[in-house]
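As structure tokens, the structure follows; a few thoughts come after it.
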Amino acid sequence: MEGFVELTLPDVAIALLFVGVVAAVSALNRLFLEKGLLVGTVRTFVQLLAVGYLLKWIFGLDRWYAVLAAIAAMVAVAGYHGARRVGRGAGRAAVVATAAILLASVLVILLLFGAIIRVEPWYNPRYLIPLAGMIVNAAMNGASLGMATFANSARTNAGRLEAALAAGASSRTAARPYVREAVKTALIPTINTMMTVGIVQLPGAMTGIILAGGAPTAAVLYQIVIIYMIAAAAAASTMAAVLWYSRTFFTSAHQLRAEPA
Amino acid sequence: MEPAIVCQEVHKTLRAGDGESAHHSAVLAGLDLTVGRGECLGVLGPSGSGKTTLLKLINRLLDVDAGRVLVNDIDVREWEVLSLRRTAQLVPQEPILFGATVRDNVTYGLTAAGREVPADGELVALLAEVALPEIALERPVAALSVGQKQRVCLARALALEPRILMLDETTASVEPAAAQAVLEGLYGRARRGDLTLLHVTHEVPKLRTLDRLVVLAEGVVAAEGPPATILARPPEAASRELERGRA
């Protein structure tokens, strides 16, 4: 690799002009986004700077437990965040989301690093952390959308669910149409990405490798693997999350569970 | 007459409303009721008196807070719950249909139970029993009237050969003559001892043809007796509903 042009803090300061464009659009249209924009601008700076230093420290530490702890933290935050859109009962949803994201991420990471990207040592943070981040993120988005969709349709269709139970259907059978719909809805963005990748957008990892001086053809192979892996993570996580989450809407006696207020 | 359903000291509180405005209201407060096998019982009472709740406690869509409900002398909590529900079928007022066609619906419970779907002849006979002889099995349910949908729901319940049938205003939108024909068919099943019928309704003509009426009020049975007696001098709790039902 040829290396790449490094940026300095003054360069970043100039990039604030971009934010100025957003502020101008907001002011001209009276969108009142200025406050959110200010917070977002500061958060972007602080969060990414902090992550940069944290990663630098973990890379320097070069210990397997530090890498795994970082991934565990990603999963926990993703689980909490992914459950926030379900409405009532976000607590139990967070447990479900975290477990589903963990399960899907572990499966995908094992396959990815066991058979495709073989690095030395196995916990090499330069590979494991960014790739795990993409996997956990995809798993979170799938689980989150799937659970929110299921929660919404189960609440809207409580009468239908109860009618199915009254007709002698098990809770699994009664919930099946809504489970199916939720999984399908949650996977649409993933499928759309697979359809348009490279045409509509150049994905982040590929862009990164090219910026860092890698050959586009090499970058593309990485990106293909990444897209497949993201699709698998999203699918596995969505499936596990929606199936398990749907169970929490019923008692073991195939009754609709009264939801906490 | 041996009992098909026994409710002993049944208490049930439901949460009503949502979020901040949620409150608990006692719906049933020590209700006692026995329904004999083959009996056709009418249940009436003002709205909120627990009629629907009572039916849901019998097929265990809900659980009692205190007391117990026995079906065929067995506490409903000791029944395998899906087989209880197939034995004691509840058909609500709002006709909720599954799948696309009349056939999908009539066979829904059978398929869910993993039972064999009978030949078309038997399915058509079921439709005839609910006064839908002219309806084809492949007819899309979306095109049916509310009264027809209610009868498809009833056929779906009968397909499971229930021993207890609970109608919750199920025939409210069915044209009166057809409704009475359907009910007569059900009474026939009951007289043979094949069926116990609980009918929640406030329509006087339908109440008149039942064996016995119970009036729910304040969470208990406020009055009971033969239809002629109850309808002649209805307790205050039921009079307003009956006034509407006479129309």
Side-chain angles (χ1 to χ4, degrees), chain A residues 83-94 147-185 242-243 245-261, chain B residues 13-24 52 55-63 76-99 105-115 153-162 166 168 170:
Chain A
R84 279 172 54 186
R85 307 212 174 277
V86 302
R88 276 170 289 173
R92 72 191 161 139
M147 289 167 65
T149 305
F150 183 84
N152 185 38
S153 53
R155 284 177 192 132
T156 311
N157 294 293
R160 291 186 67 82
L161 285 171
E162 203 164 63
L165 296 173
S170 65
S171 49
R172 196 179 291 267
T173 303
R176 189 171 296 139
Y178 309 105
V179 167
R180 212 174 269 166
E181 179 204 349
V183 171
K184 189 175 173 185
T185 303
V242 174
L243 271 181
Y245 184 54
S246 70
R247 308 300 306 148
T248 70
F249 280 70
F250 300 92
T251 69
S252 58
H254 304 275
Q255 296 158 322
L256 270 186
R257 192 186 290 279
E259 288 197 89
Chain B
T13 300
L14 292 180
R15 204 195 67 195
D18 231 12
E20 296 273 298
S21 64
H23 61 279
H24 292 80
T52 300
L55 303 187
K56 287 183 177 180
L57 291 171
I58 292 168
N59 79 347
R60 252 198 111 192
L61 282 175
L62 295 173
D63 278 329
V76 289
R77 285 166 295 193
E78 282 158 33
W79 274 79
E80 198 282 300
V81 63
L82 296 180
S83 93
L84 171 72
R85 295 221 182 105
R86 289 159 191 158
T87 301
Q89 277 281 301
L90 168 62
V91 191
Q93 174 172 14
E94 191 200 341
I96 292 173
L97 297 167
F98 305 104
N105 278 279
V106 178
T107 60
Y108 180 86
L110 294 166
T111 311
R115 293 196 204 159
C153 289
L154 187 54
R156 180 172 71 209
L158 290 174
L160 283 163
E161 296 174 334
M166 302 185 280
D168 192 353
T170 306

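Just so it is clear: chains get the letters A, B, ... in the order the sequence lines come, proteins before strands, and each one is counted from 1.
By number of non-hydrogen pairs under 4.5 angstrom with chain A, the leading residue of B:K56, B:R77, B:E94 is B:K56. Here A:A164 is the residue among A:A174, A:G159, A:P177, A:A164 with the most heavy-atom pairs under 4.5 Å with chain B. Put simply, of B:T87, B:L62, B:L90, B:L82, the one with the most heavy-atom pairs under 4.5 Å next to chain A is B:L82.
Separating the OG1 atom in A:T251 from the CG atom in B:D63 is a distance of 7.0 Å, to the nearest 0.5 Å.
Other residues, nucleotides and ligands contribute more than 12 heavy atoms inside 6.0 Å of the CD atom of B:Q93. By the 6.0 Å contact criterion, CZ on A:R155 is enclosed, its count of non-hydrogen atoms from other residues, nucleotides or ligands being greater than 12. A:R257 CZ: more than 12 foreign heavy atoms inside a 6.0 Å radius. Within a 6.0 Å sphere centred on CZ of A:R160, other residues, nucleotides and ligands contribute more than 12 heavy atoms.
At a 4.5 Å heavy-atom cutoff, the contact between B:Y108 and chain A is made by side-chain atoms alone. Only the side chain of B:R156 comes within contact range of chain A, judged by heavy atoms closer than 4.5 Å. Within the 4.5 angstrom heavy-atom criterion, no atom of B:L110 approaches chain A. With a 4.5 Å cut-off on non-hydrogen atoms, B:L84 does not touch chain A at all.
Between A:Q255 and B:R60, the closest heavy-atom pair is NE2-O, 3.0 Å. Across all their heavy atoms, B:A112 and A:T173 have their closest contact at CB-CG2, 4.5 Å. Contact detail for A:A253 and B:V81: the closest heavy-atom pair is O-CG2, 3.4 Å.
Annotation: side chain of B:L61 is not in contact with side chain of A:L256 (no heavy-atom distance under 4.5 Å).
Listed for the B:R86 side chain is no donor-acceptor partner under 3.5 Å among the backbone atoms of A:A166. Between the side chain of B:R85 and the main chain of A:S170, no donor-acceptor pair closer than 3.5 Å is present.
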